[in-house]
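Scope of the values below: all heavy atoms of this structure, side chains included, with no hydrogens, waters or symmetry mates. Quick caveat: nothing in here was measured; it's all calculated off a predicted structure.
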Amino acid sequence: MPADLRPFADHLLAWYDRHARVLPWRVSPQDRARGIRPAPYRVWLSEIMLQQTTVAAVKAYFAKFTARWPHVADLAAAPQPAVLGEWAGLGYYARARNLHACAIRVSEEFGGAFPQTAAALRTLPGIGDYTSAAIAAIAFDEPAAVVDGNVERVVTRLFSIETPLPQARKDIRLRTAELTPQERPGDFAQAMMDLGATICTPKRPSCMVCPVRPMCRASAEGRAEDFPVKKPKAAVPERKGAAFVATRPADGAVWLRRRDAPGMLQGMSEPPGTGWHAKADGATGANAAPFAADWRFCGTVAHSFTHFRLELEVYRAELAGDPPAEGWWCPPEARGAEALPTLMQKVLVRAEASPPEPAATPKRRLNR
DNA sequence: CATACGTGGCT
DNA sequence: TAGCCAAGTAT
């Protein structure tokens, strides 16, 4: 490390010693100094959950997962639907599928012990550049360059990097590697993320109380908020479709199926529905039902995904017997364990909140 | 390098 | 409110 960068890590770590956030998956810098190490399983699990996800949202899920599956072998032994069921609501469901696959590989190929280098961790499903470096640094003291969105923000401000993201990534990684100390690399990584989360925030950063302000070029120039520079995003298109909620009068069960096709919400549960088409394609309606029934329109559900906005028409019908389709009845008491993404939770609420009679707009039944 | 991939909170 | 943002990865 260049001599003029050493004070950065020292100042940051001194600040971290006093201001580290207390988090369920974290070992405090004081305990860490006493030789206490975080369990790699807990570090890994928290890092996967925290990908593009807020600390506040993760806490409850981390508690549920560690209570139900205390060790990686427990998770590896679980059926995938159970894992998806616990993950439901957290989003980015490929993470849950990869989490399970990773647990199985660690159990089968590594005897239940996570590999200890970033390079080896990087080969596991769901573990990329950031997560491999974070686990290696936090759990195994490897001085890896840990670069997440917080670090990108901190580093682009430190050096007033004008190159827009993602073009600037390589430069940011090299700068982070130079800043990272040989000692306490895990605390350093967590300190950078805490700094980004609490002081060096995207908007209205608290430069006046920042422990590294003397070393920050953007702050000196009074333009911290100008970084990182980002490439403008494309507008999100709108799509529409329909969902059909069949209920069983005897116990209020709803008919669900599994989304098997690769793509959105793969592996998750849903009431049967149409594909999601460009809004301009028009007509959905009860005619699109997967099987004939007395479908009643219940209103629409709007939901925003990262790359498109969706408007779903919701229909409901009571069924005497089983529908001629793949799926299963989910009684009310089993609802909580279902792998229902938030969108589908909204659909069920919409269907069940709608009055039973009469049909809002009588739609012709032209279904097969 | 660009795009697909969820969700909830905040401004 | 519409947009932005949060401890990214896979392809």
Side-chain angles (χ1 to χ4, degrees), chain A residues 21 23-26 42-62 84 87-99 101-102 121-138 144-154 163-170 172-173 176 186 188-198 200-205 225 228 230-239 259 261-268 270 276 302-310 339-346:
Chain A
R21 284 180 293 174
L23 300 169
W25 45 84
R26 180 179 279 184
R42 294 167 62 85
V43 175
W44 164 70
L45 179 61
S46 65
E47 291 299 344
I48 301 297
M49 288 183 166
L50 287 161
Q51 290 167 2
Q52 297 290 285
T53 307
T54 59
V55 166
V58 164
K59 282 181 176 174
Y61 284 84
F62 182 81
L84 293 180
W87 197 277
L90 199 55
Y92 282 143
Y93 298 101
R95 292 186 295 172
R97 300 193 300 270
N98 286 329
L99 183 86
C102 184
L121 288 160
R122 181 70 178 77
T123 68
L124 294 169
I127 299 183
D129 290 335
Y130 161 75
T131 305
S132 58
I135 298 172
I138 296 169
V146 179
V147 183
D148 73 331
N150 288 303
V151 176
E152 286 177 350
R153 188 166 58 253
V154 170
T163 312
L165 290 172
Q167 204 183 327
R169 292 246 157 86
K170 183 183 175 73
I172 294 169
R173 183 167 48 76
T176 305
F188 178 81
Q190 293 174 97
M192 287 286 273
M193 293 188 275
D194 277 16
L195 187 73
T198 63
C200 196
T201 49
K203 289 165 194 159
R204 300 168 53 82
E225 210 164 334
K230 293 190 178 181
K231 221 187 67 173
K233 309 180 177 177
V236 298
E238 304 216 342
R239 297 186 197 174
R259 292 178 65 93
M264 294 285 301
L265 311 176
Q266 184 188 350
M268 304 297 286
E270 66 172 3
W276 303 336
H303 193 77
S304 283
F305 293 106
T306 307
H307 52 300
F308 64 93
R309 172 188 301 280
L310 179 67
L340 285 166
T342 298
L343 164 64
M344 301 305 170
Q345 297 269 17
K346 286 190 195 174

Under the side chain to side chain contact (heavy atoms under 4.5 Å, CB included) test, which residues partner [X], sequence neighbours left out?
X        : value
A/Thr163 : A/Ile161, A/Gln167, A/Ala168
A/Thr342 : A/His303, A/Lys346
A/Lys59  : A/Leu23, A/Pro24, A/Trp25, A/Val55

How does each nucleotide of nucleotides 2-11 of chain B score, in 5' to 3' order, for protein heavy atoms under 4.0 Å: base (B), sugar-phosphate only (S), or none (-)? S-SBBBS---
[X]: which residues meet the side chain to side chain donor-acceptor pair (under 3.5 Å) condition with it, sequence neighbours left out?
X        : answer
A/Arg259 : A/Glu270
A/Thr176 : none
A/Tyr93  : none
A/Ser132 : none

Strictly by salt bridge (Lys or Arg N to Asp or Glu O under 4.0 Å), give each pair with a member in residues 124-135 of chain A just once, sequence neighbours left out.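 Found A/Arg122-A/Asp129.
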Could you tell me the boundaries of the chain A footprint on DNA chain C, defined by atoms under 4.0 Å from its heavy atoms?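 Result: C/dC5 to C/dA10.
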Listed partners of A/Tyr130 passing ring-ring contact (aromatic ring centres under 6.0 Å, His included), at least two apart: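 A/Tyr130 satisfies ring-ring contact (aromatic ring centres under 6.0 Å, His included) with no residue once adjacent residues are dropped.
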Paired stems touching DNA chain C, three or more consecutive Watson-Crick or G-U pairs with both distances under 3.5 Å?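 Paired runs of 3+ in DNA chain C: B:2-5 with C:8-11, B:7-11 with C:2-6.
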Contact class for A/Gln167 (heavy atom, under 4.0 Å): base, sugar-phosphate, or nothing?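 Sugar-phosphate, backbone atoms only, no base.
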